[in-house]
Amino acid sequence: MGCVQGKCYSRCSCCCCCRYPSSTSCSSGRDVSAVVEVGPIQGHVLTGSTVSVAPVPSHGLCLQYSYLTQRGYYPDTPDRENQDAVCIRTNLQGNPNLHFFGVFDGHGQFGDQCANFVRDKLVELLSADTGLVDDPVKAYNSAFLEVNSLLHNSDIDDSMSGTTAITVLVSGDTLFVANVGDSRAVAGVYEGDRLVAENLSHDQTPFRKDEYERVRLCGARVLTVDQVEGVKDPGIQSWGDEENDEGDPPRLWMQNAMYPGTAFTRSVGDSTAESIGVMAVPEVLKVKITPQHLLFVIASDGIFEFLSSQAVVNMVSSFKDPRDACSALAAEAYKLWLEHESRTDDITVIVVHIKDFCNPDLGASNETTQTIMKASVYSEKARAERFLSSGTEVIHPHSENSSEMQSSRDAALERCPAYVAPSPDSRCP
């Protein structure tokens, strides 16, 4: 989130973040290992992360994962905190088949504090919910609404600050993806001999007709910055799509006021924006893991602003090591930001490879764990072949159609994996 020359542009999801200086306390840049439970193999020189494994013994699966979070480049505010936060919690509730992954993208003066607060509280609420395994959708709805209320009543001023949240709960062979805002989760799924990106979430912005109509009924004015400033006709209520917004997307405004200017329609926090329809109710998607599923990625909009879901999947599939995939994605996103603008957003990504062979003994030595990974790294195609002859039902979310499906892995490999650019209920509330 950021502002250029005093004016908020499309890459800034919340105009309110530009009205105040950035906070320097309670940063998401603190030691992430405090909230990310990992079984380290070895450190990674660029991400500072580890490759970790989370077995799902009930279905013979193994999740191999890593993450990266990088502060954006803000030339006007070089000391600005990273407002993104990450949470990975394996063996939730002591259940070896239950694992949680989440990315939280804060915005506003106290966005980093909001993201940290929600990161910590949401997983606590889910962990304490005895009905989580039986009804994850209900548990997710309850947890998001409760954490929103807790944030409102905390010492953090969330009147013009908040956070989006994209989370994935792995329960046995099922993904439950809960989304609030415009960060995204996407899976890489084999269709024949192609790896296709399938969105596991749908950005909640005024570009979506259903979200546009909902917030309008709640009293929001939906206008671009140019429309609010009188440069363009405010009567034109059509903005095309997010791929062609020309740097000025539709935003939510109070009647007769120049705030809050959020480019998303759902978030946690943002108490002022709640009066015009912004809400913390998550959209939850249920997806069954099949032998066709190779991987999934969870990332803030710092990754997806200039990279399509298919481009992300193509790149991730080109690397055996999820740490290299995280580094390559961050470097490419960083480069594209600076090609289009004079700054970058904060960038956060979790990459999870789905494998079908894993030693359940997490206490195994590093050498043993590495051997296990090498033995399973090429197992995905075998899983897909078995699937084709098994007739197992697949629950498919929306597939993204893109010419980038034809991009080869060799082309993605040409991007340097060893480079990370330096950080110089639908009712009105």
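By convention here, the first residue in the shown sequence is residue 1. Keep in mind that what you see is a predicted model, and the values were worked out from it rather than measured.
- The CG atom of Leu223 sits 9.5 Å away from the CE atom of Met258 when rounded to the nearest 0.5 Å.
- Every residue meeting the side-chain contact (heavy atoms from CB on, under 4.5 Å) condition with Glu213, not counting sequence neighbours, appears here in chain and number order: Lys209.
- Evaluation of the salt bridge (Lys or Arg N to Asp or Glu O under 4.0 Å) rule for Asp210 yields Arg208 as partners, not counting sequence neighbours.
- Ring planes of Tyr73 and Tyr334: tilted class, angle from 30 to 60°.
- Residues Met279 and Arg214 form a side-chain contact, since some pair of their non-hydrogen atoms from C-beta on lies under 4.5 Å apart.
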Full working for ring-ring contact (aromatic ring centres under 6.0 Å, His included) between Phe264 and His107: CA-CA 11 Å; Phe264 45 79; His107 51 262; 4.6 Å; yes
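- Gln310 has its side chain within reach of Val196: a pair of non-hydrogen atoms, C-beta onward, lies under 4.5 Å apart.
- Considering only heavy atoms from C-beta on, Ile303 comes within 4.5 Å of Ile347 through its side chain.
- Side chain to side chain, Asn199 and Ser309 meet the donor-acceptor criterion of an N or O pair below 3.5 Å.
- Judged by distance alone, the side chains of Ser300 and Asp105 never bring a donor and an acceptor atom under 3.5 Å apart.
- Interatomic distance, CZ of Phe104 versus OG1 of Thr164, reported as 9.0 Å (0.5 Å rounding).
- Between Pro282 and Asn141, the closest side-chain pair of non-hydrogen atoms falls below 4.5 Å.
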Could you go through Lys288 and Asp173, starting from their C-alpha distance and side-chain angles, then the distance that decides it, and tell me whether this counts as salt bridge (charged side-chain N to carboxylate O under 4.0 Å, His left out)? CA-CA 6 Å; Lys288 183 170 174 132; Asp173 66 344; 3.3 Å; yes
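- Taking the six-membered ring wherever Trp is involved, the centroid distance between the rings of Phe176 and Tyr140 does not fall below 6.0 Å.
- Considering every non-hydrogen atom in both Phe144 and Leu122, the closest pair reads CZ-CD2, 3.8 Å.
- For the side-chain contact (heavy atoms from CB on, under 4.5 Å) test, residues two or more places apart in sequence or in another chain that qualify with Asn148 are His152, Val268, Glu274, Ala280.
- Looking only at atom types and distance, the side chain of Asp157 has a donor-acceptor partner in the side chain of Ser159 under 3.5 Å away.
- Rounded to the nearest 0.5 angstrom, Gln64 CD and Leu295 CG are separated by 11.0 Å.
- The distance from atom CD of Glu124 to atom CZ of Arg119, rounded to the nearest 0.5 Å, is 10.5 Å.
- Atom CZ of Arg221 sits about 10.5 Å away from atom CG of Leu252, to the nearest 0.5 Å.
- Panel note: side chain Gln204, backbone Asp182; no donor-acceptor pair is recorded below 3.5 Å.
- Looking at heavy atoms from C-beta onward, Leu169 lies in side-chain contact with Leu132 at the 4.5 angstrom threshold.
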Run the side-chain contact (heavy atoms from CB on, under 4.5 Å) check on Ser58 and Val56 step by step: do they pass? CA-CA 6 Å; Ser58 64; Val56 185; 3.9 Å; yes
In sequence, state the C-alpha distance, the side-chain angles, and the governing distance for Phe110 and Asp158, and then conclude on side-chain contact (heavy atoms from CB on, under 4.5 Å). CA-CA 7 Å; Phe110 306 110; Asp158 73 342; over 6 Å; no
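- In this structure, Leu92 CG and His99 NE2 are separated by 9.5 Å, a value rounded to the nearest 0.5 Å.
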